[in-house]
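Heads up, the thing below is written out as structure tokens.
All residue numbers in this chain count up from 1 along the given sequence.
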Amino acid sequence: MIKMAAPSAFFSSPRQVTTGSVVFDRDAGMVVVVRDVKGLMVAVERPTGLTWEVAYGRLRPGTEREGRQLQALAKLQRARKRGMP
């Protein structure tokens, strides 16, 4: 049986959210990277360049697996920019 860590609790303060960290946006259902924290709102970005803002309370820290997924997506995006399918 494979054990997976349960997702961490959602952030309880915007001070807990750090720029550059991998987080999961519950509203979008996507793993993203934190670009900026502006008061109660957090600017996030996907490797594809898609950006948006979300309330800090809707985010939770990303798991190791989600971080690896985001890295794989970034690698795929770089390959596509070079002209590979």
Could you tell me the separation between the CZ atom of R80 and the NZ atom of K75, rounded to the nearest 0.5 Å? 13.5 Å
How long is the span from the CE atom in M41 to the CD atom in E53, to the nearest 0.5 Å? 5.5 Å
Any heavy-atom pair between the side chains of V23 and F11 that's under 4.5 Å? yes
Cluster question for you: counting only ILVMFWY and a side-chain heavy-atom cut-off of under 4.5 Å, with indirect links fine, are F10 and V54 together? no
At their closest point, which heavy atom of V17 faces which heavy atom of V34, and how far apart are they? CG1-CG2, 3.7 Å
So if you build clusters from Ile, Leu, Val, Met, Phe, Trp, Tyr with side-chain heavy-atom gaps below 4.5 Å, do V37 and V22 land together? no
Here the pair of heavy atoms bringing P61 nearest to A9 is CD-O, 3.3 Å
If you round to the nearest 0.5 Å, how far is OG1 of T48 from CE of M30? 8.0 Å
Flag the pair L70 / P47 as yes when at least one side-chain heavy-atom distance between them is below 4.5 Å, and no otherwise. yes
Donor-acceptor under 3.5 Å (R46 side chain, V31 main chain): yes
Would a hydrophobic clustering, with Ile, Leu, Val, Met, Phe, Trp and Tyr connected at side-chain separations under 4.5 Å, put F24 with V33? yes
Reported CG-to-CZ distance for the pair L59 and R26, which is rounded to 0.5 angstrom: 11.0 Å
Closest approach of P14 and L40, non-hydrogen atoms and distance? CG-CD2, 4.2 Å
